[in-house]
S.K.: 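Next up is a structure, given as structure tokens.
Chain identifiers are assigned alphabetically (A, B, ...) following the order of the sequence lines, protein sequences preceding nucleic acid strands; residue numbering begins at 1 within each chain.
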2 protein chains.
Amino acid sequence: MRAVVEPPQRVPARTVLIREGEPLNRSTLLSEGLMGRFKDMRDGERQISQLHISGDFLDLHSFTLKSIDHGVVALTDCQTSWASHAALEELTAEHPHLGRLLWMTTNLDAAMHRAWEVSLGRRDGLSRTAHLLCELHVRLGVVGMAEEDGYPLPLIQVDLAECLGLTAVHMNRVLRELRERRLVTFRSGRVQIHDLAGLRWAAEFTPGYLFLDKKPR
Amino acid sequence: MRAVVEPPQRVPARTVLIREGEPLNRSTLLSEGLMGRFKDMRDGERQISQLHISGDFLDLHSFTLKSIDHGVVALTDCQTSWASHAALEELTAEHPHLGRLLWMTTNLDAAMHRAWEVSLGRRDGLSRTAHLLCELHVRLGVVGMAEEDGYPLPLIQVDLAECLGLTAVHMNRVLRELRERRLVTFRSGRVQIHDLAGLRWAAEFTPGYLFLDKKPR
DNA sequence: CGTACTATTGAGTCCGTTCAAACGGGGTGG
DNA sequence: CCACCCCGTTTGAACGGACTCAATAGTACG
């Protein structure tokens with residue numbers, strides 16, 4: 001893999017890295033920071049459909065689709081490297097197993113999308129927020145960026161609201177309730193988990209959809 | 001492809017074909033009927049995260065993930081055939097281009113998931129319903145199962161509600177309003193489009209995410 | 001020390017839910 | 001052939017979660 005990846009580049013927070021509809025002949029690997037895939041609505045509202053953390057391929061699906069149906073924005077200062085589709089094509093031709101591994105990571109993306117759909121469709125604000133915080137706890141844990149009782153999360157409440165299909169105002173009230181119920185506190189860029197079992201119960205969270213046993217690390 | 005696919009089988013309506021967590025060593029192709037991927041909640045509510053139509057691979061992602069994080073249910077009488085993962089592995093090894101094509105179809109699934117997330121997160125019931133009906137219009141059109149002004153859709157209102165994160169009661173009211181606004185009528189298993197442009201406007205629908213120019217048909 | 005975000009809180013409104021009941025059509029058994 | 005029943009649809013009324021609008025605190029930074 002290393003052979004096909006170009007040197008890393010810095011991306012300042014709040015930069016839109018990729019715009020909707022843009023044709024792409026390369027895929028980008030996120031090595032540091034948080035990014036989000038989003039779509040903006042007519043009325044100015046934004047829905048983030050996925051959060052990416054260190055180690056994620058941002059737009060590997062463009063390897064087969066050659067363009068992208070949504071924007072990608074850096075939510076914090078980030079570091080990225082890219083690999084051209086041509087290089088990936090060579091690489092996967094030579095190492096079919098690696099190709100399936102990359103394919104798998106895009107399938108993991110889809111699994112997370114499905115979990116978010118369930119949240120957005122059937123959970124209320126509290127449970128939905130709890131679910132996202134549980135997911136990030138596990139995902140960041142896999143890459144050594146979370147402890148048992150919490151993790152850094154340098155986002156603002158608006159970012160979370162845009163992930164969760166809520167308004168910023170309501171996001172604030174939900175976070176207050178999670179705090180008051182002594183489940184979890186999100187404050188100054190950190191998630192502090194008070195009661196992991198309780199949080200997971202409230203979220204109806206089961207990590208099966210993250211396929212942890214198969215995560216290539 | 002034909003060489004690796006086993007003979008078709010009938011699946012009666014309302015059968016759960018695959019249960020959550022089930023290990024899989026084969027993938028299923030849907031040749032007739034409508035199926036849905038779903039997750040059931042503690043309280044008995046169900047969220048359908050994707051609808052599948054004729055020609056879709058139901059669980060191609062299990063080729064790389066080897067199990068499945070959600071159930072699959074037949075919403076109508078269906079016909080399916082399956083291909084073992086071993087056979088697919090051989091096939092894609094021999095024809096790398098075909099492998100990328102299959103990879104692409106899973107990426108299309110993810111793109112549809114993202115579009116649904118946007119709907120569930122940021123559109124109200126009316127617009128969300130309109131969006132689903134637009135999506136199906138296009139997708140069924142690609143396989144020759146829709147006309148300009150409508151298409152058969154043998155679902156009940158509860159099914160739509162489960163796709164859209166609504167209750168059956170509210171689904172009914174939304175459908176009434178779509179009818180009264182002379183946008184679209186869903187009745188006795190058929191979607192009749194009165195005003196396609198108006199419907200798409202209400203849904204804020206753009207078919208870009210379906211990558212029609214790349215659809216392998 | 002101002003300026004611009006970000007977070008927080010209150011009051012009123014609305015979309016969607018819950019609970020409940022009635023309606024309609026198609027199948028089935030007497 | 002009709003009575004009945006089941007399933008799906010439709011409608012009403014009351015409730016509640018989330019939104020809108022608006023104002024006030026913090027907080028970071030130049």
Side-chain angles (χ1 to χ4, degrees), chain A residues 12-15 34 41-47 73-77 119-132 153-181 184-192 202-203, chain B residues 12-14 34 41-47 75-77 119-132 152-181 184-192 202-203:
Chain A
R14 306 296 150 182
T15 310
L34 287 168
M41 313 298 291
R42 258 201 309 253
D43 64 3
E45 301 211 335
R46 171 173 291 188
Q47 178 66 35
V73 61
L75 299 173
T76 67
D77 287 332
S119 261
L120 289 164
R122 294 293 167 199
R123 286 189 249 261
D124 64 14
L126 191 95
S127 169
R128 205 186 301 169
T129 305
H131 196 275
L132 176 60
L153 186 68
L155 297 180
I156 61 177
Q157 295 185 358
V158 174
D159 295 329
L160 290 181
E162 288 176 350
C163 292
L164 294 166
L166 301 174
T167 58
V169 171
H170 196 59
M171 188 73 257
N172 181 276
R173 293 191 230 267
V174 166
L175 288 171
R176 168 152 58 96
E177 182 160 0
L178 283 169
R179 208 184 311 131
E180 284 169 358
R181 288 202 197 177
V184 63
T185 298
F186 171 65
R187 185 161 273 169
S188 47
R190 185 175 166 80
V191 173
Q192 192 66 36
Chain B
R14 304 296 150 184
L34 286 168
M41 313 298 291
R42 256 198 314 252
D43 64 3
E45 302 211 333
R46 173 173 289 189
Q47 178 65 36
L75 299 173
T76 67
D77 288 331
S119 261
L120 289 164
R122 294 293 168 201
R123 287 189 248 260
D124 65 15
L126 191 96
S127 168
R128 205 186 300 168
T129 306
H131 196 275
L132 176 60
L153 186 68
L155 296 180
I156 61 177
Q157 295 184 359
V158 174
D159 295 327
L160 291 181
E162 288 177 349
C163 291
L164 295 167
L166 302 174
T167 58
V169 171
H170 196 59
M171 187 74 257
N172 181 276
R173 293 192 230 266
V174 166
L175 289 171
R176 168 154 56 97
E177 181 159 1
L178 283 168
R179 208 183 312 131
E180 285 170 358
R181 288 203 197 176
V184 64
T185 298
F186 171 65
R187 185 162 274 170
S188 47
R190 185 175 166 81
V191 173
Q192 192 65 37

S.K.: If you pin R122(A) and R176(A) to their nearest nucleotides in DNA chain C, which one's is more 5'?
M.R.: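 Of the two residues, R176(A) wins.
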S.K.: Output the distance between atom CG (L160(A)) and atom CG (L175(A)), rounded to the nearest 0.5 Å.
M.R.: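 Taking CG in L160(A) and CG in L175(A), the distance rounds to 6.5 Å.
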S.K.: Can you check whether R14(B) reaches L75(B) side chain to side chain, under 4.5 Å on heavy atoms?
M.R.: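 In short, these two side chains touch, coming nearer than 4.5 Å.
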S.K.: Which pair of heavy atoms, one from P154(A) and one from T76(A), lies closest together, and at what distance?
M.R.: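 Heavy atoms of P154(A) and T76(A) come nearest at O-CG2, 3.4 Å.
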S.K.: Rounded off to whole Å, could you give me the CG-to-C1' distance for the L155(A) and dA7(C) pair?
M.R.: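 Checked: the CG to C1' distance equals 15 Å.
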S.K.: Can you pull every protein N or O that's under 3.5 Å from an N or O on nucleotides 18-26 of chain C?
M.R.:
residue : atom : partner : partner atom : Å
dT18(C) : O4   : R173(B) : NH2          : 3.3

S.K.: Between atom CG of D43(B) and atom CZ of R123(A), what is the distance when rounded to the nearest 0.5 Å?
M.R.: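 Those atoms lie 10.5 Å apart.
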S.K.: So do S119(B) and L132(B) actually touch side chain to side chain, heavy atoms under 4.5 Å?
M.R.: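 L132(B) does not reach S119(B) side chain to side chain.
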S.K.: Side chains of R128(A) and L120(A): does their closest heavy-atom pair fall under 4.5 Å?
M.R.: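 In short, these two side chains touch, coming nearer than 4.5 Å.
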S.K.: Report the end-to-end axis angle of the helix from dC1(C)-dG30(D) to dG30(C)-dC1(D); each axis comes from five terminal pairs, and the value is rounded to 10°.
M.R.: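 Inter-axis angle at the ends, rounded: 30°.
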S.K.: Contact class for R187(B) (heavy atom, under 4.0 Å): base, sugar-phosphate, or nothing?
M.R.: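 Counting heavy atoms under 4.0 Å across all strands, the contact made by R187(B) is with sugar-phosphate only.
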S.K.: Strictly below 4.0 Å: does N172(A) bring a side-chain N or O up to OP1 or OP2 of dT8(C)?
M.R.: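 Result: yes.
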S.K.: OP1 or OP2 of dC5(C) versus the side-chain N and O atoms of Q157(A): is any pair under 4.0 Å?
M.R.: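 Q157(A) to dC5(C) OP1/OP2: no side-chain N or O under 4.0 Å.
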S.K.: Measure the distance from CZ on R179(A) to P on dA7(C) and round it to the nearest whole Å.
M.R.: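 The distance from CZ of R179(A) to P of dA7(C) comes to 11 Å, rounded to the nearest Å.
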S.K.: Give the rounded distance in Å between these two atoms: CD of E177(A) and P of dT9(C).
M.R.: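 That distance rounds to 13 Å.
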S.K.: For residues T129(A) and F186(A), determine if any side-chain heavy atom of one lies less than 4.5 Å from a side-chain heavy atom of the other.
M.R.: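 In short, these two side chains do not touch, never coming nearer than 4.5 Å.
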S.K.: What nucleic acid atoms does L175(A) come within less than 4.0 Å of, heavy atoms only: base, sugar-phosphate, or nothing?
M.R.: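 No contact at all - L175(A) keeps every heavy atom at 4.0 Å or more from the nucleic acid.
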S.K.: Find the distance between CZ (R187(B)) and CD (Q157(B)) and round it off to the nearest 0.5 Å.
M.R.: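 Reported value, rounded in 0.5 Å steps: 9.0 Å.
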S.K.: Locate the shortest heavy-atom distance separating V73(A) from R46(A); write the atom from each residue and the value.
M.R.: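 For V73(A) versus R46(A), the nearest heavy atoms are CG1-NH1, 4.2 Å.
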S.K.: Which distance, rounded to the nearest 0.5 Å, do you find between the CZ of R176(A) and the CG of L126(A)?
M.R.: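 Here the rounded value is 12.0 Å.
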S.K.: Which residues satisfy the salt bridge (Lys or Arg N to Asp or Glu O under 4.0 Å) test with R173(A), sequence neighbours excluded?
M.R.: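 Here no residue qualifies.
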S.K.: Within a strict 4.5 Å, meaning less than it, do heavy atoms of the E162(A) and M171(A) side chains meet?
M.R.: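 In short, these two side chains do not touch, never coming nearer than 4.5 Å.
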S.K.: Can you name the salt bridge (Lys or Arg N to Asp or Glu O under 4.0 Å) partners of R179(A), sequence neighbours left out?
M.R.: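 Testing R179(A) for salt bridge (Lys or Arg N to Asp or Glu O under 4.0 Å), a comparison that skips the adjacent residues, returns none.
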S.K.: Looking at residues 124-132 of chain A, who's got a heavy atom less than 4.0 Å off DNA chain D?
M.R.: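 Going residue by residue through residues 124-132 of chain A, the ones with a heavy atom under 4.0 Å of DNA chain D turn out to be D124(A), G125(A).
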S.K.: Can you tell me how far the CZ atom of R122(B) sits from the CG atom of L166(A), to the nearest 0.5 Å?
M.R.: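 Result: 7.0 Å between the selected atoms.
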S.K.: So what does G165(B) hit on the nucleic acid, given a heavy-atom distance under 4.0 Å: a base, only sugar-phosphate, or nothing?
M.R.: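 Here G165(B) touches the backbone only, sparing every base.
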S.K.: What is the 5' to 3' range of DNA chain D, first to last nucleotide, that sits under 4.0 Å from any heavy atom of chain B?
M.R.: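 From 5' to 3', the first and last contacting nucleotides are dG8(D) to dA13(D).
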